Structures are given as structure tokens and as C-alpha cells.
2 protein chains.
Amino acid sequence: MVNTPARRGGLRELTRRAVQAEIASTAMELFLEQGFEETTVDQIAAAVGMSGRSVFRYFATKEDMVLGEMRAIGDDLAAALQRRPASEEPWEALRRALDEPLAALDSDGGKALARATMLSTTPALRAAQQQKHAQWHELLIPVLAPRLKGPSSTRELRAHAIVSAALSCLDVAVDEWTRSGGTKPLDRLLDSAIQAVRS
Amino acid sequence: MVNTPARRGGLRELTRRAVQAEIASTAMELFLEQGFEETTVDQIAAAVGMSGRSVFRYFATKEDMVLGEMRAIGDDLAAALQRRPASEEPWEALRRALDEPLAALDSDGGKALARATMLSTTPALRAAQQQKHAQWHELLIPVLAPRLKGPSSTRELRAHAIVSAALSCLDVAVDEWTRSGGTKPLDRLLDSAIQAVRS
DNA sequence: TTATAGTTGTCAGTGACTGACACACTAGGA
DNA sequence: TCCTAGTGTGTCAGTCACTGACAACTATAA
């Protein structure tokens, strides 16, 4: 029931998304106020005005209330990579595909920063985020692999390596951005990280 | 109590390590037999002949029964990197430092492979492993950073990026090794991954 | 109006983990 | 020899994330 997609655009799906957003936003308020671990699911449920059981009908885990949107971002990322010209080198294409999600972080300023800080200081969230990145990984592989030249026997492996390294660079850059309180420009940080890795 | 180091070599510490090893080995048997999630801590406790509560006095989490030794491997890895000649480039030094832990995996054949397979198919273990890698990361940064040339303002960031990418390559290589049933040579896989990332 | 499908609350239960407490064993000093 | 401090252990009660089952409700479709 948590994974009910239904027909897109249907009324049911619409209200479902609305409730989901309501829960997520209420949860985030509480998390930022008193911490992720310190906030109980029942507490969130009470704040939204529903039973704890029902909250779990909208989010499979407590972590998903924070990271739920990451699946969609992964889809966008894969689509953006797909759109990159075939002439671009793998690294360059990946870097450019990251432009949009990066800008989204940098622009909405305070909100994203608070979120990132919580993410970097809560081990449970870190772990869940890594799982989401693993999903991104799986989405990106089939899009990146065709761009790779060289022996096909190692193509998959090399695609995995590059995607994995790129996402690592993203993590490192976002971490540094978070530590700097959002002052350092995220795109420059990512460029430095990638350049260092390819040195 | 879980983190009691005591004085090294003392009798207490010795018996503690013995009990710990006993629990870990019994747990691993059960995990391989019936799966990680399907095995209860109480079940492990019963098999070892102690109470569930006491098991948690030796391992903070169920995952640690599988991954407990990773902290020590991280220490070894950092020490190995420290020992590499200063003339070596960062990537080369990291690659060489990984030789020993890599060989350990490749040599003991079946055991490590079964473990790696379980690790790659159990999300909870994957997540815990990533946390251990984050610890490795922290250990490696101060050892690698001094090797980096270039502006000191971005030295930390670049160190983070390279270490993170290297550990990603390790993950990718081990995954492929696992998928191949341990047939493909691990060192070659790692070399390919690193070369792809630096391309 | 009625069948149907989806949503909800309640309740009972599992399993990882924690704190508190009382008890047992062991080594060292008086 | 007795006493004491340190340490390991079982038991018990409790928290919290999460799940399955069921009955009640509601909105829509025929």
C-alpha cells in the first residue's frame, strides 16, 4: 500500500500526494526542532492528526519522510544524463547532469542547508541516504554505459566505478558545503572534487 | 560496556575477545544458514548459551557481529598507507595500501565469498558497511592529505574526494568479484575501476 | 440504492535495543 | 580468613519502529 502508484493524475493519487506532503512537512518541522532520533512517529502522527499506523501507510520508514523525494531526483538525474550530447565524455556528461539538482540545493538556501546539516549528523539518515544513492546508481548505469569506449568485457565495471565515484564526489562536495554553512559555492566544490579524483 | 577496551593484553581483555569471537562465529553460521534478517539475536544467544542481553554486552548491534572486524582493518589500512613512500602519488599509494586487505579477501576463498554475497544482498548490512567505510574514510584523510600538492585551501576537500572515490572503487570491485563467484581476480578488477575513474 | 474499492483506527504482536537491579565470581588487601 | 571492589551475568520491564488482521467508514460507479 505504501507503494501504490495508481493511475497518474487520478484524484486518489492527488489526495494521496497531498497527505504525503503534509506528513513530510510536519515531520521535518519536528525533526529540525527536536532532532530526528528524538522525534517519535506517533508524535508526528498526532501532529498531523492521524494514527501512527496510517502514517506508515504513506511512508515505509521514518527516514523516508525526509528522503522520499530522492527517488524522483534520481529519475530526473538519469533523464538529464540521457539528454546530454553523445559527444560528451562520461565525466563531463555526469557533471553537467548534476547541474540541476545542485542548483536546487544552492538556491533554496536555508531550508536545504538545515536539512543537509541534519542529514550529516544523523547516522540513520546517512545510511538511508546511501541506499537512495545506490538506487540512483542503478538508474545511471544503463544510461552511462553506452557512452564508454574500450573493451565491452569491462564496460559494466567501468560504468559502475565512474558513477560511484561521481556520486562520492557529490557527497563530498555537499558535506563541505554544509560544513561551510552554505557559503562556499557548491558547483565549484564539486568541480574541485572531480578534478582531484581524476588527477 | 560494549566499548570496553581495558588494558591491552590483560586477562580480562583476552577472555572478552574469545567470547566475542565465539558469538561472531556462531552468528555467522546461523546467518549463512537461514539469512541475516531471519535470524534472531535471541536465537544466536541461545546457540552460544547466554542471554540475549549479554550478547548485546559484546556487540552493540546485530550488524556488528558480521562487521566487527572492519574497524581493525581500517586501522591496518591507514597504517599501510602511512608506510608508503612519500614519493608515491596519492592514488598509487592508496592502491598499494589496499593490497593487503584485498589479498585477505581473495585468499580465504569460500568463506569471504559467502560473507560478501550475504553482505551484497542484505540492505541492513550494506548500510552498516557504509558506516564502517565512513570510519575508514576519517582514518585515511589525515594520512593522505599531506601527500597532496596544490593549494592548501582545497587540500582537505581533495583528500576527501580521492579517499571517497578509492573506497567506491573498492566497493565496485568487490561487488563484481562477488557477482563473478570469486572467479575474476580482485586486484585486476580494482585496477580497472581506478583506471576508469581517472580517465 | 447497492456493490465495490480505498482509507482509516484499533489491537495485538515481533524484534532490536536499553536501563535497572540483584546476584555471582574473582582477585587483592587487611 | 574475611572483606571489598571490580566485573560479568540473568531477569525484567520498557521503548520504539514496524507489521498483519480486522472491522468500520466513505466515496464513487453501476
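Keep in mind that the numbers below use all heavy atoms, side chains included, and drop hydrogens, waters and symmetry copies. Chain letters run A, B, ... following the sequence lines, proteins first and then strands; every chain starts at 1. From a predicted model like this one, the values you see are computed outputs, not experimental measurements.
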Spatial distance of atom CE (B:Met28) from atom CE (B:Met65) [nearest 0.5 Å]:
11.0 Å

Grab the CG-P distance between B:Asp64 and C:dA16 for me, whole Å please.
14 Å

For atom CZ of B:Phe56 and atom P of D:dA13, their distance in whole Å:
19 Å

Taking atom P of D:dC18 as reference, at what distance in whole Å does atom NZ of A:Lys62 sit?
8 Å

Report all side-chain donor-acceptor pairs from residues 41-55 of chain B shorter than 3.5 Å, counting only partners two or more places apart or in another chain.
residue, atom, partner, partner atom, Å
B:Gln43, OE1, B:Thr40, N, 3.2
B:Gln43, NE2, B:Gln34, OE1, 3.1
B:Ser51, OG, B:Ser54, N, 3.2
B:Ser54, OG, B:Arg57, NH1, 3.3

Rounded to the Å, how far apart are A:Gln20 CD and C:dG6 C1'?
15 Å

Output all residues satisfying side chain to side chain contact (heavy atoms under 4.5 Å, CB included) with B:Gln195, sequence neighbours left out; order by chain, then residue number.
none

Would you indicate whether B:Glu100, at its atom CD, is surrounded by more than 12 heavy atoms from other residues, nucleotides or ligands within a distance under 6.0 Å?
no

Does the side chain of A:Phe31 reach to within under 4.5 Å of the side chain of A:Lys62, using non-hydrogen atoms?
yes

Please check if B:Leu139 and B:Val163 belong to a single hydrophobic cluster, counting links between Ile, Leu, Val, Met, Phe, Trp and Tyr side chain heavy atoms closer than 4.5 Å.
no

Indicate yes or no: does B:Glu176 engage B:Lys184 in a salt bridge with an N to O separation below 4.0 Å.
yes

Residue list, salt bridge (Lys or Arg N to Asp or Glu O under 4.0 Å) with B:Arg126, at least two apart or on another chain:
B:Asp175

Indicate yes or no: does A:Lys111 engage A:Asp108 in a salt bridge with an N to O separation below 4.0 Å.
no

Spacing between B:Arg17 atom CZ and D:dG8 atom C1', to the nearest angstrom
17 Å

Under a 4.0 Å N-O cut-off, is there an ion pair linking B:Asp191 with B:Arg188?
no

Counting only non-hydrogen atoms, which of residues 27-51 of chain B are less than 4.0 Å from DNA chain C?
B:Thr39, B:Thr40, B:Val41

Can you name the atoms? Protein N/O to nucleotides 19-23 of chain C N/O, anything below 3.5 Å, with the distance.
residue, atom, partner, partner atom, Å
C:dG19, N7, B:Arg53, NE, 3.4
C:dG19, N7, B:Arg53, NH2, 2.9
C:dG19, O6, B:Arg53, NE, 2.9

Member of A:Val66, A:Leu125, A:Thr178 meeting the side-chain contact (heavy atoms from CB on, under 4.5 Å) criterion with A:Arg115:
A:Val66

Is any side-chain N or O of A:Tyr58 closer than 4.0 Å to OP1 or OP2 of C:dG6?
no

Expected rows: protein N/O vs nucleotides 23-26 of chain D N/O, under 3.5 Å:
none

